[in-house]
Engineer: 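Starting off with a structure, shown below.
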There are 2 protein chains.
Amino acid sequence: MKKRTTLKQLARELDVSISTVSKALKNSPEISQDTIDRVKAFAKLLNYRPNNIALSLKNRKTKTIGIIIPDIVHHFFTKVIKGVEKYANSKGYNVIVGLSNESFSNEVINMEMLANGSIDGFIISMARETMQRQDYQHYTETLNEEIPLVMFDRVVAEIPCDKVIVDDTKGAEIAVNTLINKGATKIAILTTKDYVSVGRLRTKGYLEALKNHGINPIRDLIIKIDDELLYEEDHLDVLEKQVRELLLNHTDVNGIFAVNELYAVVAMKVAKEMGYEIPNDLQVIGFTDGMLSKHATPTLSTISQHGESMGSKAAELLIQRIDERVNDLPKEPTKTVVISTNLIQRGSTK
Amino acid sequence: MKKRTTLKQLARELDVSISTVSKALKNSPEISQDTIDRVKAFAKLLNYRPNNIALSLKNRKTKTIGIIIPDIVHHFFTKVIKGVEKYANSKGYNVIVGLSNESFSNEVINMEMLANGSIDGFIISMARETMQRQDYQHYTETLNEEIPLVMFDRVVAEIPCDKVIVDDTKGAEIAVNTLINKGATKIAILTTKDYVSVGRLRTKGYLEALKNHGINPIRDLIIKIDDELLYEEDHLDVLEKQVRELLLNHTDVNGIFAVNELYAVVAMKVAKEMGYEIPNDLQVIGFTDGMLSKHATPTLSTISQHGESMGSKAAELLIQRIDERVNDLPKEPTKTVVISTNLIQRGSTK
DNA sequence: TAACATTACTATAACGTTTGCGTGTTGATA
DNA sequence: TATCAACACGCAAACGTTATAGTAATGTTA
């Protein structure tokens with residue numbers, strides 16, 4: 001295996017010491033201009049570049065942050081990564097991605113793989129299984145080892161760390177308010193089981209909006225989908241069936257709020273098949289502004305989550321913590337940053 | 001800053017040497033069972049875990065691979081990452097992601113940031129700008145430094161490295177053949193400018209299919225879109241306009257092959273607006289099986305690229321090269337692996 | 001001219017591991 | 001009772017850096 005150029009080689013060939021080479025390359029005033037020039041020229045010739053690993057070892061920091069997400073084939077997470085990358089790169093950090101695949105053990109393994117010095121801190125959105133189990137030991141341990149940790153989107157109150165979330169409740173409320181203002185009188189919600197925090201919060205927003213308008217919630221109109229199989233084919237069949245039943249049993253439903261864009265698109269599809277005209281007979285609003293929302297027919301009105309902002313905010317918080325730790329600064333109390341949502345109106349509402 | 005547990009600490013507290021600790025933890029026969037037990041117990045107590053960075057430095061390998069892609073908000077690349085992650089993790093590797101954002105300089109910067117020892121090898125799909133410039137110096141340099149490199153999807157013949165591609169020509173041919181077999185007689189193609197290799201090759205497949213069926217290509221039916229702004233809003237306006245013109249000027253077009261799913265979905269949208277019934281009046285086939293294809297109305301027949309397979313194959317090739325390099329094995333000639341495509345038939349064809 | 005700066009370097013330790021080799025202490029053998 | 005394995009461990013170098021503390025060879029000052 002060919003060895004890369006090192007300080008040692010440069011030193012030997014230039015017949016000076018390693019320290020001289022190191023200092024010369026850094027324009028140290030201890031070294032004569034003459035030597036500096038010689039060293040630099042030779043270093044360039046041999047295409048010398050410092051070994052990052054050695055630096056990491058020496059400096060005890062890697063300039064790398066780890067992001068662990070449940071799934072990468074998912075527009076929202078992808079946006080977040082983009083935001084993280086952007087901010088991180090601008091600060092000279094690299095980003096290493098771990099996929100939990102919604103599995104608890106994968107999440108743990110991935111974190112362990114990285115928590116041994118490979119990264120300076122974590123940005124995490126919990127795996128579904130972790131939310132179900134409510135087993136947060138690996139987070140606690142990470143924190144105990146003083147590895148900074150920032151959670152986003154799928155967060156949990158028990159863990160004392162910085163968090164970046166969206167105001168799910170408020171977003172949902174806005175969506176449902178909008179539906180009501182646009183004339184919808186009977187509004188259903190397509191949501192997830194309650195252990196998914198965002199599903200629970202969005203359902204809460206839905207209920208609040210109804211309450212504020214003096215509308216009594218109807219149990220039948222609240223469809224909680226077990227998203228074990230989200231984005232898997234047969235999962236959608238179940239969803240379709242439930243939407244069909246809903247529209248069959250409650251023919252006067254004229255508004256649907258879905259807690260993600262996929263549910264919304266599926267609902268629109270079923271409704272269209274059943275002869276509904278959107279938005280005239282039925283108005284639909286989703287959550288998350290992804291590819292589907294933009295290109296569905298009709299295009300989907302949706303609550304934008306600003307994933308990229310979440311990502312860069314998370315990266316910012318994390319890097320602050322890293323600095324705090326490295327420079328032994330006093331610890332600031334943990335923050336929870338709420339990224340504001342907003343409604344993007346498109347073809348699925350009047 | 002709290003320091004993590006190291007061998008040195010264990011050694012001091014157990015009053016043995018560092019080497020003894022190290023060996024004990026590795027069950028070395030040089031160390032008495034008694035000591036081994038003591039060391040292990042104490043290590044566990046202090047939650048010792050070896051510092052990966054130190055290991056990387058010592059072993060001169062990082063067990064990390066870098067993947068550089070043009071855009072992460074893109075279903076196909078996301079699938080590839082997933083495949084890479086899966087295979088890499090199974091071999092004990094981590095994955096570090098760099099985003100070129102379709103920019104040449106970003107690509108170069110990202111590679112340089114990682115090529116200084118942070119990773120053992122690269123998996124890359126070229127940025128659009130790099131393809132346009134045809135400036136491959138950074139690849140050549142990487143190869144010169146004997147850092148293994150595997151390219152996928154957007155590849156270029158000039159670089160002597162392993163590659164993983166899809167048989168774009170064949171895939172396109174299958175798509176167009178299918179359209180013809182299903183009764184389409186006048187088929188248009190929505191493709192990219194020629195510098196995008198995949199666009200060029202898919203156009204080639206389109207032409208070959210026509211030729212094999214004795215159909216003369218018509219210049220007007222070949223729409224080459226400048227995808228500078230792919231996935232940006234105003235880009236789509238241009239695309240819509242072109243499709244509209246196409247269908248206006250050639251009312252007998254009854255088949256469209258699009259080189260990606262977005263073009264296909266946009267075409268369907270325009271056609272539907274103009275009163276076409278899909279698939280009866282017009283059949284459409286896309287390329288890449290993403291979210292849009294699955295949830296468009298009608299659902300889109302498309303050529304699946306098997307992004308995940310590409311990813312894991314790329315990772316496999318790369319890790320082989322890394323082993324080859326690390327163990328100073330004889331160098332195998334570079335391979336180009338072709339992942340076979342297949343047509344997924346859905347609602348947009350008869 | 002002795003004392004002291006200044007200049008331009010070099011040596012060394014440290015970051016956290018691993019590993020080949022050296023070594024002191026046993027107990028067995030001749 | 002010398003001799004020699006076997007055992008159990010320690011030493012030191014190495015991976016590639018950087019930073020601190022020397023140290024020669026000059027030049028300056030009183």
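Just so you know, these numbers come straight off a predicted model, no measurement behind them. Residue numbers begin at 1 in each chain, while the letters A, B, ... track the order of the sequences.
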Engineer: For A:R49 and B:T35, take the nucleotide of DNA chain D holding the closest heavy atom to each; which residue's nucleotide lies nearer the 5' end?
Structural biologist: B:T35
Engineer: Just N and O in the side chain of B:K26: are any of them under 4.0 Å from OP1 or OP2 of C:dT18?
Structural biologist: yes
Engineer: What closest approach, in Å, do A:E107 and A:H138 show between heavy atoms, and which atom pair accounts for it?
Structural biologist: OE2-NE2, 2.7 Å
Engineer: For the residue pair A:N27 / A:K40, report whether a side-chain donor-acceptor contact shorter than 3.5 Å exists.
Structural biologist: yes
Engineer: Round to the nearest Å and state the distance from B:L57 atom CG to D:dA13 atom P.
Structural biologist: 17 Å
Engineer: With a 4.0 Å cutoff (strictly under), does any side-chain N or O of B:K3 reach OP1 or OP2 of C:dC15?
Structural biologist: no
Engineer: Is the ring pair A:Y139/A:Y136 parallel, tilted or perpendicular, if the boundaries are 30 and 60 degrees?
Structural biologist: parallel
Engineer: If I take atom CG in residue B:L10 and atom C1' in nucleotide C:dG16, what distance separates them, rounded to the nearest angstrom?
Structural biologist: 12 Å
Engineer: Using the side-chain heavy atoms of A:Y48, tell me which of these nucleotides is nearest: C:dC9, D:dT17, C:dT17.
Structural biologist: D:dT17
Engineer: Once hydrogens and angles are ignored, does a donor-acceptor distance under 3.5 Å link the base of D:dT20 to the side chain of A:K23?
Structural biologist: yes
Engineer: Can you find a side-chain donor-acceptor pair between B:E112 and B:N116 that sits under 3.5 Å?
Structural biologist: no
Engineer: Tell me the interatomic distance from A:L55, atom CG, to C:dG16, atom P, rounded to whole angstroms.
Structural biologist: 15 Å
Engineer: Starting at CG of B:L25 and ending at C1' of D:dC9, how long is that distance when rounded to a whole Å?
Structural biologist: 15 Å
Engineer: For D:dC9, does OP1 or OP2 lie under 4.0 Å from any side-chain N or O of B:S32?
Structural biologist: yes
Engineer: D:dT18, OP1 or OP2 - any side-chain N/O from A:S22 closer than 4.0 Å?
Structural biologist: yes
Engineer: Between B:S19 and D:dC9, is there a contact of a side-chain N or O with OP1 or OP2 at under 4.0 Å?
Structural biologist: no
Engineer: Would you kindly give the NZ-to-P distance between A:K8 and D:dT18, to the nearest whole Å?
Structural biologist: 15 Å
Engineer: Return the minimal non-hydrogen interatomic distance between A:C161 and A:L143, and the atom names on each side.
Structural biologist: CB-CD2, 4.3 Å
Engineer: If the cut-off is 4.0 Å, is B:T6 near the phosphate of C:dG16, judged by side-chain N/O to OP1 or OP2?
Structural biologist: no
Engineer: For D:dA14, take OP1 and OP2 only and decide whether either is under 4.0 Å from a side-chain N or O of B:R60.
Structural biologist: no
Engineer: With heavy atoms under 4.0 Å as the rule, sort B:L7 into base, sugar-phosphate or nothing.
Structural biologist: base
Engineer: Tell me the interatomic distance from B:N59, atom CG, to C:dT17, atom C1', rounded to whole angstroms.
Structural biologist: 8 Å
Engineer: Give a yes/no on whether any side-chain N or O of B:K58 is located under 4.0 angstrom from OP1 or OP2 of D:dG16.
Structural biologist: no
Engineer: Report the C-alpha distance between A:T336 and A:D162 in whole Å, list the side-chain angles of each, state the deciding distance to 0.1 Å, and finish with yes or no for side-chain contact (heavy atoms from CB on, under 4.5 Å).
Structural biologist: CA-CA 6 Å; A:T336 294; A:D162 290 339; over 6 Å; no
Engineer: Choosing from C:dT17, C:dC9, D:dG10, which nucleotide comes nearest the side chain of A:T20?
Structural biologist: C:dC9
Engineer: Considering heavy-atom distances to DNA chain D, does A:R4 or B:S17 have its closest nucleotide positioned more toward the 5' end?
Structural biologist: B:S17
Engineer: Between C1' on C:dT17 and NZ on B:K61, what's the gap in Å once rounded to a whole number?
Structural biologist: 15 Å
Engineer: Assuming nearest nucleotide by heavy-atom distance, tell me which of B:N51 and B:E30 is located more 5' along DNA chain C.
Structural biologist: B:N51
